[in-house]
There are 2 protein chains.
Amino acid sequence: MTRDHHPTGSRVTMQQVAAEAGVSVSTVSKVINGRYGVSSDTFDHVTEIVSRLGYEASLVARSLRNSRTNVLGVLVADFEPFSTEVLKGAADAIRGTGFELVAYSAGGRVDEHVGWERRYLSRVMGTLVDGAVLVTPTVTDVQYDGPIVAVDPHTGRSSLPTVTADNLQGARLGVDHLLGLGHRRIGMVTGRPDLVSARLRERGFREAHAAAGVPLDESLLRLGAFEQDQAGDAARELLALPDPPTAIFAANDLSAIAALEVAAELGISVPEQLSVVGFDNIPDSALSSPPLTTVQQPIRQMGHDAIAMLVQMIAGEELAETHVTLETTLVRRRSTAAPGGTP
Amino acid sequence: MTRDHHPTGSRVTMQQVAAEAGVSVSTVSKVINGRYGVSSDTFDHVTEIVSRLGYEASLVARSLRNSRTNVLGVLVADFEPFSTEVLKGAADAIRGTGFELVAYSAGGRVDEHVGWERRYLSRVMGTLVDGAVLVTPTVTDVQYDGPIVAVDPHTGRSSLPTVTADNLQGARLGVDHLLGLGHRRIGMVTGRPDLVSARLRERGFREAHAAAGVPLDESLLRLGAFEQDQAGDAARELLALPDPPTAIFAANDLSAIAALEVAAELGISVPEQLSVVGFDNIPDSALSSPPLTTVQQPIRQMGHDAIAMLVQMIAGEELAETHVTLETTLVRRRSTAAPGGTP
DNA sequence: GGTCGCGTGGAAAACGTTATCGACAACGAT
DNA sequence: ATCGTTGTCGATAACGTTTTCCACGCGACC
């Protein structure tokens, strides 16, 4: 089956194909790229030789010649659940575009080496890819003039095109759910205040209260800092209050799960005595006990759209909107119920 | 935002640096690569110009000239937990080697498009990377003469260098644990029989029994096929038996978690009435209820070693061993206890 | 004062492709 | 016959590097 062709010592080059077929390299090139100007006889003949020799064009040489690599890069801070989900969406969107997709990881070293992305972008991306998607929350200020789309950039607004989830609306969704269930004292474990996403979620929390005409107790807002330990502490403080909340809205699933654990530890049953809502809908949230009710971000979709935008930009088309925000949805699982105890 | 970023951002070329510095391109090249034969005066002068112009060498042109890209690729079937963990290990091992790391994903389409890897390897890998790590369980028969290392190739032995976990020893570990706890009727949910890893785990299961002198009831062996649904069904059958097992050893964590769910569904409490041991130690296994006792594979280490081997191969060194197998360890959590019920 | 060596710098040929453009034949129309 | 036309095909110049190799100037050494 695997017919061993010629002494394929190294790589078969166009020259060799041309020599074998008795034509010029120009002709071979035309055949390969389906250009007009070659008779069907020679076309067939050349394709025959090409497949017999197992010839594959050197993408490097081609890139050099065309100053296009036909490769799109996704730059992630680390391969955590969020980025990998984005990657899946991106991998999905890439097919049929004629581009290849590669992923680069900072290996979680982002905090240590600030400016990592800058260096990387100019070094690698600048020459090996035609465009890039950034999934590096903290850094979006890069000096690389190629097409770039940022996904979920937590830090303040950037000049780049972006794709984000609607954090404000998502928070409204989560808190409205709690409010609708009858909760009137809702605690919130907020995220790092320097991230816009966290601020938007907090704002949604406030707006939901305002819209429902429910007064807000400021002492019920705690900083969870997107870190699981601190989130646990925040939940602990909340539950130790003389008049503890009947529900907790966490800025992200990790914090929510931490809250769940603290509740279990304190012997508080969820959802009977305490309701918990998360944000993100990471895969783990379906496996917590009880399974977490949470606000889902369309992460895959975000990766998908980012690639689609990139492709458009490269094609030279104008983007309909440079800042795309995608709707979130509420995933109801078993961590929420009415304050009484009945779900 | 500057409007004039051309299709591919017009980069500074070596020519321009040379012109600006009043020297020849050869000299600039020598300076860039630190070659001998340039006076320290001109060296300083050129480096000055280089940084002023923000010049970065075109990796494409460089790759074409030296037929090396200095990029290593990791080819994954999909971005699931296992592969991403391998990727982290790889990203870790890559630093300091002078290579860059890129990841390619089949986008989970491996089953549909058999032979995907073959095409991809010859097309992309053959020309864009200097070597590749394969994390594509089912296919390892590729015709790409570059350096390749396969990680955890489930399918039969391949001629490629490989890195795998010691599945046999791992299964021994898990089953010995159960046996040591006092269990005498242990069920096993096995994996797809066409995968060597699954067969080795089953063999470890048998050997552990033999070593302990505990007779083995063949009716307690069920095919779980590495699929969560089928694993659930297998567990259900096992537990519906007139004389059900007091413990289940699952061929992987996904199956084990499925078994946990089935037990919960049937009102069987874990670990009081049933002990469950998994294999892999995926992140989710720590979050199941109860947290899963499981056999941990050093997945990161596998990625790390694969890259290290690749680098060695490219350097032309001989590999100490072409088939590396790494030790597994038992992670005791709360899904196992003595048959009576006391942990 | 001629060679020899040595320290510098540059010219030019690759690497494998693609696009441009001209050569050449065959052929119908004037 | 001449002239354009059409249809094939091949030379050739890039693309941006790196790497020989060669030229030049200048001390040093007999």
Side-chain angles (χ1 to χ4, degrees), chain A residues 8-47 49-50 53-71 98 122-124 126-128 130, chain B residues 6-47 49-50 53-71 98 122-124 126-128 130:
Chain A
T8 160
S10 285
R11 189 136 47 258
V12 185
T13 163
M14 207 175 228
Q15 285 282 359
Q16 305 175 25
V17 175
E20 182 76 13
V23 297
S24 76
V25 286
S26 326
T27 305
V28 178
S29 175
K30 284 174 192 162
V31 169
I32 297 285
N33 299 45
R35 292 276 178 280
Y36 180 78
V38 38
S39 75
S40 62
D41 276 357
T42 54
F43 183 93
D44 292 345
H45 180 222
V46 171
T47 34
I49 305 282
V50 163
L53 259 44
Y55 167 75
E56 292 283 354
S58 157
L59 298 185
V60 172
R62 181 174 288 179
S63 300
L64 180 58
R65 167 65 217 214
N66 307 349
S67 59
R68 276 192 70 172
T69 62
N70 286 320
V71 174
S122 53
R123 272 205 46 220
V124 179
T127 160
L128 286 186
D130 296 336
Chain B
H6 300 121
T8 33
S10 35
R11 300 183 57 75
V12 184
T13 164
M14 207 175 224
Q15 286 282 358
Q16 305 174 25
V17 176
E20 183 76 14
V23 296
S24 76
V25 286
S26 329
T27 305
V28 178
S29 175
K30 284 175 191 161
V31 169
I32 297 285
N33 301 48
R35 291 277 177 281
Y36 180 77
V38 37
S39 75
S40 62
D41 276 356
T42 52
F43 183 94
D44 291 345
H45 180 224
V46 171
T47 36
I49 305 283
V50 163
L53 260 44
Y55 167 75
E56 292 283 353
S58 157
L59 299 185
V60 172
R62 181 175 288 181
S63 299
L64 180 58
R65 167 64 216 217
N66 336 340
S67 36
R68 284 190 61 174
T69 61
N70 286 321
V71 174
S122 52
R123 272 204 46 218
V124 178
T127 160
L128 285 186
D130 295 335

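Chain letters run A, B, ... following the sequence lines, proteins first and then strands; every chain starts at 1.
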*Measure from the side-chain heavy atoms of B/Ser58 and tell me the nearest of D/dG16, D/dT18, C/dT17.*
D/dG16
*Between A/Leu64 (CG) and C/dA19 (P), how many Å, whole number?*
13 Å
*Between B/Thr47 and B/Phe43, is there a donor-acceptor pair closer than 3.5 Å when you use the side chain of the first and the backbone of the second?*
yes
_Difference in axis direction between the ends of the helix from C/dG1-D/dC30 to C/dT30-D/dA1, five pairs, 10°_ = 70°
_On the nucleotide C/dT18, are OP1 or OP2 found under 4.0 Å from the side-chain N or O atoms that A/Arg62 carries?_
yes
*Whole-Å gap separating P (C/dG16) and OH (A/Tyr55)*: 10 Å
*Could you go step by step and tell me if B/Glu56 and B/Val12 meet the side-chain contact (heavy atoms from CB on, under 4.5 Å) rule?*
CA-CA 7 Å; B/Glu56 292 283 353; B/Val12 184; over 6 Å; no
*Ignoring hydrogens and angles, answer whether the base of C/dA19 and the side-chain atoms of A/Arg65 contain a donor-acceptor pair closer than 3.5 Å.*
no
*Under 3.5 Å, is there a donor-acceptor pair between the B/Ser39 and B/Thr42 side chains?*
yes
*State whether the side chain of B/Arg62 and the backbone N or O of B/Val60 hold a donor-acceptor pair below 3.5 Å, judged by distance alone.*
no
_So does B/Gln16 get a backbone contact from the side chain of B/Thr13, meaning a donor-acceptor N/O pair under 3.5 Å?_
no
*Selected nucleotide, minimal atom distance to A/Met14 side chain, candidates C/dT17, D/dT18, D/dC15*: C/dT17
_Under 4.0 Å, counting only non-hydrogen atoms across every strand here, what does A/Thr42 touch: a base, just sugar-phosphate, or nothing?_
sugar-phosphate
*Please report, rounded to the nearest Å, how far the P atom of C/dT17 is from the CZ atom of A/Arg68.*
19 Å
*asked:* Expressed as a whole number of angstroms, how long is the span from B/Gln15:CD to D/dT17:P?
replied: 9 Å
_Rounded distance (Å) that lies between atom C1' of D/dG16 and atom CG of A/Asn66_ = 14 Å
*Are side-chain heavy atoms of B/Ile32 and B/Val50 found at a separation under 4.5 Å?*
yes
*Short side-chain donor-acceptor distance under 3.5 Å, B/Ser24 and B/Thr27*: yes
*Below 4.5 Å, heavy atoms only, C-beta onward: do B/Asp41 and B/His45 meet side chain to side chain?*
no
*NA contact type, A/Phe43, heavy-atom cut-off 4.0 Å: base, sugar-phosphate, or nothing?*
nothing
_Apply side-chain contact (heavy atoms from CB on, under 4.5 Å) to residues A/Arg68 and A/Ser63 and explain how you reach the verdict._
CA-CA 5 Å; A/Arg68 276 192 70 172; A/Ser63 300; over 6 Å; no
*Got a sec? Which of residues 22-41 of chain A come in under 4.0 Å of DNA chain C, heavy atoms?*
A/Ser26, A/Ser29, A/Asn33, A/Arg35
*asked:* Just N and O in the side chain of B/Thr13: are any of them under 4.0 Å from OP1 or OP2 of D/dT17?
replied: yes
